[in-house]
Amino acid sequence: MVNILVTGAAGFIGFHLSKELVRLGFNVTGLDNLNDYYDPNLKLDRLKELGIHEVCGASDNEILKSDLSERFQFINLNIQDRVEVPNLFKREKFDIVVNLAAQAGVRYSLENPQEYIDSNIVGFHNIIESCKMFDIEHLIYASSSSVYGENEKIPFSVDDNVDFPISLYAATKKSNELIAYTYSHLYDLKVTGLRFFTVYGPWGRPDMAMFLFTDAIINNRSIKVYNNGNLERDFTYINDIVDGIVKIVEHEYDNSDEKYNLYNIGNSKPVNLMSFIEEIENKLGISADKEMLPMQPGDVSRTWADVTLLQQKFNYQPDTSISEGVEKFIEWYKDYYGFNSKKH
């Protein structure tokens, strides 16, 4: 049986990935430090969906067993912990590590840069060093479309120059890619990096556009529309992201495969921001009060993933339309919060 560590397991992507891996029969250990970058109750509720309860009452570094599946367990642990993370690797003997834990958010990096250095660089190094120490078969880690900065060539290709990030968040993700390449080269470590493109869907993060817009419109608040709406994003539904990661996890590698790989993972169908907002309005049956604002520091005008490499090697085929994805998010939001709830 394959044992997989998923870091950031109480986060948006980590939760969905853990759930799918367990469904497919993998043994999964989820790791998260449950920080308060956004409401920790959302993270705790994701864990409950995975059968993990009473996290706050657990002792330090205690592994909690799921009451829904014997194939899932969880540990409340920070990836920066240079003692307990290697101890976890030693005890559990993982085959594959999927590192999704990170300090997310472009705008937040302008206010709290140290959080990004600590989590995205120090924490990432702790994970990859542990992979080296304990001979992990394969490390898969999250990078970001933000590394492309103001790249004018579209769609964005992994062969493009990404030496000019325009946010600290992007710079830390580029740093991850460099560290990963170096470790792969020096220590013969199999590493795969994934540049995620604007992931959205049920259980999504409250700081992202899909959630922000829906929450504001439902609760009769204005929405902030940056760059006067002249933005394009390669919105990618969560199930399509998880499907791509799973295909990589399940892939049978041989000695002819490269040790270091880097892929874009996105929908490859950019959508204008105003069209995206209109889709939300239509599904809610409510017109948004729009506050038109200038471009924000660190933001980019458009993203568009060239996913040719992922398609060729893993038959990756994202197929969730914006209409379908928005509808599924709104159904979840209404169910979780209640239409007029102020719980959040």
Side-chain angles (χ1 to χ4, degrees), residues 13 99-100 102-110 113 116-117 119-125 127-128 139-187 189-199 208-209 226-227 230-236 240-241 244-245 248 257-273 294-314 316 318:
I13 300 174
N99 184 59
L100 302 175
Q103 178 56 61
V106 170
R107 296 186 187 108
Y108 189 65
S109 69
L110 303 174
Y116 291 77
I117 302 301
S119 181
N120 299 8
I121 296 182
V122 175
F124 178 78
H125 177 258
I127 291 293
I128 199 168
L139 168 63
I140 302 166
Y141 71 94
S143 186
S144 167
S145 63
S146 66
V147 301
Y148 290 106
E150 295 179 320
N151 193 337
E152 294 184 357
K153 172 186 162 292
I154 53 173
F156 297 162
S157 166
V158 291
D159 295 323
D160 294 342
N161 187 310
V162 291
D163 290 339
F164 304 98
I166 61 171
S167 70
L168 183 62
Y169 171 68
T172 62
K173 289 300 185 178
K174 171 63 176 175
S175 298
N176 288 172
E177 294 178 3
L178 293 171
I179 292 168
Y181 177 83
T182 304
Y183 263 70
S184 179
H185 173 74
L186 289 176
Y187 307 115
L189 182 65
K190 180 154 195 61
V191 182
T192 299
L194 295 172
R195 290 175 176 169
F196 293 116
F197 280 71
T198 316
V199 190
M208 297 192 73
Y226 293 109
N227 202 34
N230 296 316
L231 298 172
E232 287 187 347
R233 290 290 181 269
D234 197 344
F235 291 102
T236 312
D240 291 327
I241 290 287
I245 301 173
I248 294 169
D257 283 310
E258 296 288 335
K259 285 289 185 179
Y260 177 81
N261 292 283
L262 184 62
Y263 302 100
N264 288 331
I265 182 165
N267 197 41
S268 200
K269 297 182 182 70
V271 175
N272 179 272
L273 182 61
M295 192 74 156
Q296 294 296 287
D299 214 345
V300 299
S301 59
R302 62 184 172 185
T303 63
W304 182 354
D306 179 346
V307 295
T308 303
L309 292 176
L310 210 58
Q311 289 173 330
Q312 290 175 344
K313 191 160 186 177
F314 302 101
Y316 174 67

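What you find for V162 and V147 is that their closest heavy atoms are CB-O, 3.4 Å. Considering every non-hydrogen atom in both P318 and G266, the closest pair reads CG-O, 3.5 Å. Across every non-hydrogen atom of F196 and I265, the tightest pair is CD2-CG2, 3.3 Å.
Here Y260 pairs with Y141 under the side chain to side chain donor-acceptor pair (under 3.5 Å) rule; sequence neighbours left out. Remark: S167 pairs with no residue by the side chain to side chain donor-acceptor pair (under 3.5 Å) rule, at least two apart or across chains. Partners of V271 according to the side-chain contact (heavy atoms from CB on, under 4.5 Å) rule, which considers only residues two or more places apart in sequence or in another chain, are F235, S275, F276, I322. Annotation: ring-ring contact (aromatic ring centres under 6.0 Å, His included) contacts of Y316 (sequence neighbours excluded): none. Legend: residues meeting salt bridge (Lys or Arg N to Asp or Glu O under 4.0 Å) with E177, ordered by chain and number and at least two apart, are R195. Under the side-chain contact (heavy atoms from CB on, under 4.5 Å) criterion, L309 pairs with V158, Y263, Q312, not counting sequence neighbours. Y183 is linked by a ring-ring contact (aromatic ring centres under 6.0 Å, His included) to H125, Y187, counting only residues two or more places apart in sequence or in another chain. Annotation: ring-ring contact (aromatic ring centres under 6.0 Å, His included) contacts of Y116 (sequence neighbours excluded): none. Not a single side chain to side chain donor-acceptor pair (under 3.5 Å) links D234 to another residue, sequence neighbours left out. Applying the side chain to side chain donor-acceptor pair (under 3.5 Å) criterion to N176, with sequence neighbours excluded, gives no partner residue.
A salt bridge (charged side-chain N to carboxylate O under 4.0 Å, His left out) check over residues 149-159, counting only residues at least two apart or in different chains, returns the pairs K153-D160. Applying the salt bridge (charged side-chain N to carboxylate O under 4.0 Å, His left out) definition to pairs two or more places apart or across chains, those involving residues 297-314 are R107-D299, R233-D299, D257-K313.
We find the CD1-CD1 distance between I245 and I13 to be 6.0 Å, quoted to the nearest 0.5 Å.
Proximity of N261 to V191: side-chain heavy atoms (C-beta onward) are nowhere separated by under 4.5 Å.
Judged by distance alone, the side chain of S184 and the main-chain N or O of A180 form no donor-acceptor pair under 3.5 Å.
A donor atom on one side chain and an acceptor atom on the other are found under 3.5 Å apart for T172 and N120.
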